[in-house]
Every structure is written in structure tokens, then in C-alpha cells.
Amino acid sequence: MVKDSKGRLAAGYQRHMFICGHERSTDANRPCCYTRDSLALMKRLKIAAKEEGLSNVRVQKSGCLDFCENGISCVVYPEGVWYTLTGEENIPALIEHLRSGTIAEHLRMNMED
Ligand code: FES
């Protein structure tokens, strides 16, 4: 088996977090996560994960996850948990999810809101 440049023998991560970075024009019919500062939050979260020494996890930007009215949209695998993020105050709970798999119940996307 061939290792990649990081020495890995198999593809995948223990946890994989996607945060929507999609941007729409101001006259679009739906809101977008970009205007809620999703990319700034994603960058801060990546830094926090690195500072915490989390390995085998990945935090990355996604395109539109199609739950735009409930954004900032975020999904974490393998749990398949969907979150509505609001800002940097969410970072500790998200880091804990990445570390231990503990779901941040207070951040779950609630379609009834
Ligand atoms: S713009 Fe973020 S979910 Fe659609």
C-alpha cells in the first residue's frame, strides 16, 4: 500500500466537519451563510482545532448545504449531526465534538425556529 505525503495509509478522518461558505447576491431569494460570517468562524475553528492538537479531524468550507434559512449550516460526520452556528461562542462545543464525539445539543439545527 502506498502512503501519501502525510504518511497515511487510508483515506478518511475520525471526524469531518463541513461549514457552508456559500455566498449569494443581496437580491437572492434565499439567505446565505457567507453573510453571517461563516468563513471567519470556519477559519477560527480550524485554528482552534490545531491549537488543541486535534489530529485526524478536518474542518473545511463547503458549498451550499441547502438549509440556508437555518444557517450558518454545519454538518459533522460520521455522526451526521447538523448544526446552526452563530459565531465564535460555538467554538468550545464544536471542538469538544471533534475531540470526543459529544454532540452539542444546543447547536442542533432546529427546523421549527
Ligand atoms: S447558503 Fe449555507 S446552506 Fe445554503
Side-chain angles (χ1 to χ4, degrees):
M1 186 171 286
V2 179
K3 290 183 183 178
D4 72 359
S5 63
K6 295 184 176 180
R8 298 175 294 200
L9 291 169
Y13 303 98
Q14 183 178 16
R15 294 205 168 73
H16 200 164
M17 177 179 286
F18 296 91
I19 297 176
C20 174
H22 186 64
E23 180 178 17
R24 289 196 169 91
S25 63
T26 53
D27 61 347
N29 289 333
R30 299 183 80 187
C32 69
C33 297
Y34 177 88
T35 59
R36 295 173 171 139
D37 278 340
S38 62
L39 294 184
L41 176 57
M42 182 205 65
K43 288 173 186 168
R44 185 66 194 92
L45 188 56
K46 287 172 76 83
I47 292 168
K50 189 171 186 178
E51 288 174 350
E52 291 291 323
L54 299 182
S55 60
N56 204 19
V57 302
R58 186 161 177 90
V59 177
Q60 69 179 91
K61 169 184 159 184
S62 77
C64 177
L65 294 168
D66 201 25
F67 287 93
C68 319
E69 290 76 11
N70 294 281
I72 300 170
S73 298
C74 170
V75 60
V76 187
Y77 295 104
E79 290 82 10
V81 174
W82 287 77
Y83 290 135
T84 295
L85 306 182
T86 55
E88 291 195 8
E89 65 275 12
N90 304 148
I91 290 175
L94 296 172
I95 290 293
E96 189 54 37
H97 185 157
L98 290 170
R99 180 197 327 276
S100 68
T102 302
I103 294 169
E105 296 294 345
H106 65 292
L107 297 179
R108 274 196 194 260
M109 188 176 284
N110 182 353
M111 300 299 286
E112 295 175 2
D113 285 349

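For ligands, and for the atoms within them, numbers begin at 1 and follow the listed sequence.
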Practice item. Report the part of Ile72 in contact with ligand 1, treating N, CA, C, O as backbone and CB onward as side chain, heavy atoms under 4.0 Å; options are side chain, backbone, both, neither. Key: neither
Review point. Roughly how far apart are His16 NE2 and Leu98 CG, rounded to 0.5 Å?
Key: 10.5 Å
Check your understanding: side-chain contact (heavy atoms from CB on, under 4.5 Å) between Trp82 and Asn70: does it pass, once the steps are laid out?
Key -> CA-CA 10 Å; Trp82 287 77; Asn70 294 281; over 6 Å; no
Exercise for review: Give a yes/no verdict on whether any heavy atom in Cys32 is under 4.0 Å from an atom of ligand 1.
Suggested key: yes
Exercise for review: Provide the number and element of each atom of ligand 1 under 4.0 Å from a heavy atom of Cys20.
Suggested key: 1 (S), 2 (Fe), 3 (S)
Practice item. Can you sort out which atoms of ligand 1 are near Cys68, meaning under 4.0 Å from one of its heavy atoms? Key: 1 (S), 3 (S), 4 (Fe)
Exercise for review: For Arg24, take its heavy atoms, then give the atoms of ligand 1 lying under 4.0 Å from any of them.
Suggested key: 1 (S)
Practice item. Give the numbers and elements of all ligand 1 atoms closer than 4.0 Å to a heavy atom of His22. Key: 1 (S)
Check your understanding: Looking at Phe67, which atoms of ligand 1 are within less than 4.0 Å of one of its heavy atoms?
Key -> 3 (S)
Check your understanding: So how far is it from Asn56 CG to Arg8 CZ, rounded to the nearest 0.5 Å?
Key -> 8.5 Å
Practice item. Indicate, as side chain, backbone, both or neither, the part of Cys33 found under 4.0 angstrom from ligand 1 when only non-hydrogen atoms are considered. Key: both
Revision key, fill the gap. Ligand 1 atoms nearer than 4.0 angstrom to some heavy atom of Cys64 are 1 (S), 3 (S), 4 (Fe)
Exercise for review: With rounding to the nearest 0.5 Å, note down the distance linking SG in Cys33 to CE in Met42.
Suggested key: 12.5 Å
Exercise for review: Just do the salt bridge (Lys or Arg N to Asp or Glu O under 4.0 Å) check on Asp37 and Lys43 with the steps written out, would you?
Suggested key: CA-CA 10 Å; Asp37 278 340; Lys43 288 173 186 168; over 6 Å; no
Point to revise | Structural part of Tyr34 in contact with ligand 1, heavy atom criterion under 4.0 angstrom | key: neither
Practice item. Check for a donor-acceptor pair, side chain of Ser73 on one end and backbone N or O of Phe67 on the other, with a separation under 3.5 Å. Key: yes
Exercise for review: Identify, by atom number and element, the atoms of ligand 1 in contact range of Ser73, meaning under 4.0 Å from any of its heavy atoms.
Suggested key: 3 (S)
Check your understanding: Where the side chain of Arg44 meets the backbone of Glu88, is there a donor-acceptor pair that is under 3.5 Å apart?
Key -> no
Check your understanding: Between His106, His97, Arg108, which is the residue that forms a side chain to side chain donor-acceptor pair (under 3.5 Å) with Tyr83?
Key -> His97
Practice item. Report, in ascending order of atom number, the atoms of ligand 1 lying under 4.0 Å from any heavy atom of Asp66. Key: 3 (S), 4 (Fe)
